[in-house]
Chemist: 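One structure coming up, written as structure tokens, with questions to follow.
Proteins come first, then strands; the chains are lettered A, B, ... in the order of their sequence lines, and each starts at number 1.
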Number of protein chains: 2
Amino acid sequence: MIEAVAIAGLPEVRPGDDLATLLAAAAGDLRPTDVLVVAHKVVSKAEGAVRALAAVEPSERAHDLARAHGKDPRHVQVVLDEAADLLRADAGRLICRTKHGFVCANAGVDGSNAGAPDTVVLLPADPDASARALRARLGCAVVISDSFGRPWRIGQAEVAIGCAGLAPLDDWRGRTDADGRLLGATHIAIADQAAAAADLARGGKDAREPAVRLRGLERHVLDHDGPGAAALLRAPEGDLFR
Amino acid sequence: MIEAVAIAGLPEVRPGDDLATLLAAAAGDLRPTDVLVVAHKVVSKAEGAVRALAAVEPSERAHDLARAHGKDPRHVQVVLDEAADLLRADAGRLICRTKHGFVCANAGVDGSNAGAPDTVVLLPADPDASARALRARLGCAVVISDSFGRPWRIGQAEVAIGCAGLAPLDDWRGRTDADGRLLGATHIAIADQAAAAADLARGGKDAREPAVRLRGLERHVLDHDGPGAAALLRAPEGDLFR
């Protein structure tokens with residue numbers, strides 16, 4: 001059985017806050033086999049990965065893109081700062097590959113739930129390192145999540161952008177099915193599914209419930225940090241779906 | 001709180017079996033606000049959506065593709081029969097758009113857990129109709145799931161290919177975040193996240209646990225069938241990520 005419980009009572013997180021202490025106090029009983037899924041925004045805010053738009057000087061390119069897509073040029077500049085590649089721009093969204101290698105809208109730069117006006121929240125600089133630091137303090141597995149759009153499907157789903165203490169993938173290659181037949185290429189994205197499960201337990205985008213405790217994933221919990229969510233990134237040249 | 005419990009004791013399902021009766025007997029207490037997530041393979045088998053490879057005559061094109069990609073030409077022929085478009089072929093996988101509009105490897109045609117040798121399982125002909133029929137018999141919401149690969153990310157995640165009685169999307173457009181700021185394009189793919197959460201509760205690909213009961217999704221459960229998983233399909237021309 002899997003149980004997902006949203007952690008209530010976390011205060012608004014601000015740059016410089018000690019997030020591990022806040023999470024530990026709000027979560028109460030955390031066991032070594034629990035997985036705490038934390039929406040990246042509180043991690044980014046605690047780490048200071050936010051930008052005040054008033055301090056952003058948009059480049060010529062940011063102005064051009066902003067004009068073409070009906071966006072704030074300062075927001076566009078922050079997106080360009082966070083992007084390694086701009087893959088496509090249309091309908092007000094800039095689909096980027098981030099410096100980490102994630103492919104998502106606006107390079108993960110988002111103004112909602114920023115906690116302050118005219119402020120945008122970035123992705124953490126190194127989400128796996130953030131997860132490792134939280135795991136060391138909390139003593140349970142940690143997933144850091146964000147909601148990404150998906151090709152071919154409507155709607156966003158939560159995925160893991162950082163993880164520590166949880167095996168991000170369950171590798172069934174070379175193992176057999178219930179009939180004893182060898183399974184082909186079967187890798188299950190456990191950390192992404194954990195992020196998705198956690199999101200269902202949240203009250204919603206207005207609920208201030210960034211952290212969710214998952215219980216029942218003992219099978220995938222490690223006694224070390226493990227490879228992190230970086231193991232979920234497919235190199236562009238190996239990607240059959242592109 | 002969300003609770004996901006794998007349903008034990010379902011027998012091997014065969015063409016012509018009354019799946020609703022088997023599921024009801026194995027699941028026991030099902031409430032109207034429960035969501036039963038059912039792996040498509042048992043639905044396909046009960047509906048007879050299977051093909052014995054011995055009865056398949058591969059076309060010239062199937063032979064060519066099979067030679068080029070190291071596959072069984074009869075399996076390739078079934079994939080071509082189920083595909084509306086072949087988008088890409090490489091490394092032994094044929095990335096297809098199915099007749100339903102799903103983009104997935106091998107058009108969803110799979111030999112694992114087929115229950116018989118030299119047999120492949122197809123996707124159900126109309127997974128939303130299958131979900132509606134099960135909902136009518138079981139009295140709870142139903143999601144029919146399959147595991148799909150994803151562009152840019154390693155590993156498969158379970159998604160909804162059919163659903164009834166569950167809102168497939170939670171639409172936050174026009175609503176506000178915790179700061180009262182208007183949210184942009186925010187649609188949450190509830191049915192896909194439910195499929196992913198359910199998969200975490202299963203023992204694994206060898207566990208014969210095709211059905212998982214989710215409790216705690218009252219907020220998204222409908223008093224009618226709703227639009228089904230067809231609402232999750234993005235038309236190719238509206239897809240920014242392609």
Chemist: Salt-bridged, B:D85 to B:K99, with N to O below 4.0 Å?
Modeler: no

Chemist: Do you know which of B:A195, B:A160, B:P168, B:P117 has the most heavy-atom pairs with chain A at a distance under 4.5 angstrom?
Modeler: B:A160

Chemist: Ion pair present between A:D192 and B:R153, side-chain N to carboxylate O less than 4.0 angstrom?
Modeler: yes

Chemist: Counting heavy-atom pairs under 4.5 Å to chain A, which of B:A196, B:G101, B:G216 comes out on top?
Modeler: B:A196

Chemist: In chain order, what residues pass the ring pair (Phe, Tyr, Trp, His ring centres under 6.0 Å) check against A:H220, with sequence neighbours excluded?
Modeler: none

Chemist: By a 4.5 Å heavy-atom criterion (distance strictly below it), what part of B:A194 contacts chain A: side chain, backbone, both, or neither?
Modeler: both

Chemist: Please look at A:A201 and chain B and tell me whether the side chain, the backbone, both or neither of the residue comes under 4.5 angstrom of a heavy atom of that chain.
Modeler: both

Chemist: Tell me, for B:A157 versus chain A, whether the close heavy atoms (under 4.5 Å) come from the side chain, the backbone, both or neither.
Modeler: both

Chemist: What part of B:L232 gets closer than 4.5 Å to chain A, counting heavy atoms only: side chain, backbone, both or neither?
Modeler: both

Chemist: Please classify the contact of B:L169 with chain A as side chain, backbone, both or neither, using a heavy-atom distance under 4.5 Å.
Modeler: side chain

Chemist: So what's closer than 4.5 Å to chain B heavy atoms on A:A231: side chain, backbone, both or neither?
Modeler: backbone

Chemist: Strictly below 4.0 Å, N to O, side chains only: are B:E158 and B:R202 in salt-bridge contact?
Modeler: yes

Chemist: Is the closest basic N to carboxylate O distance between B:D146 and B:K41 below 4.0 Å?
Modeler: no

Chemist: Going through the checks in order, is the side chain to side chain contact (heavy atoms under 4.5 Å, CB included) test met by A:H40 and A:L123?
Modeler: CA-CA 7 Å; A:H40 87 86; A:L123 297 185; 3.7 Å; yes

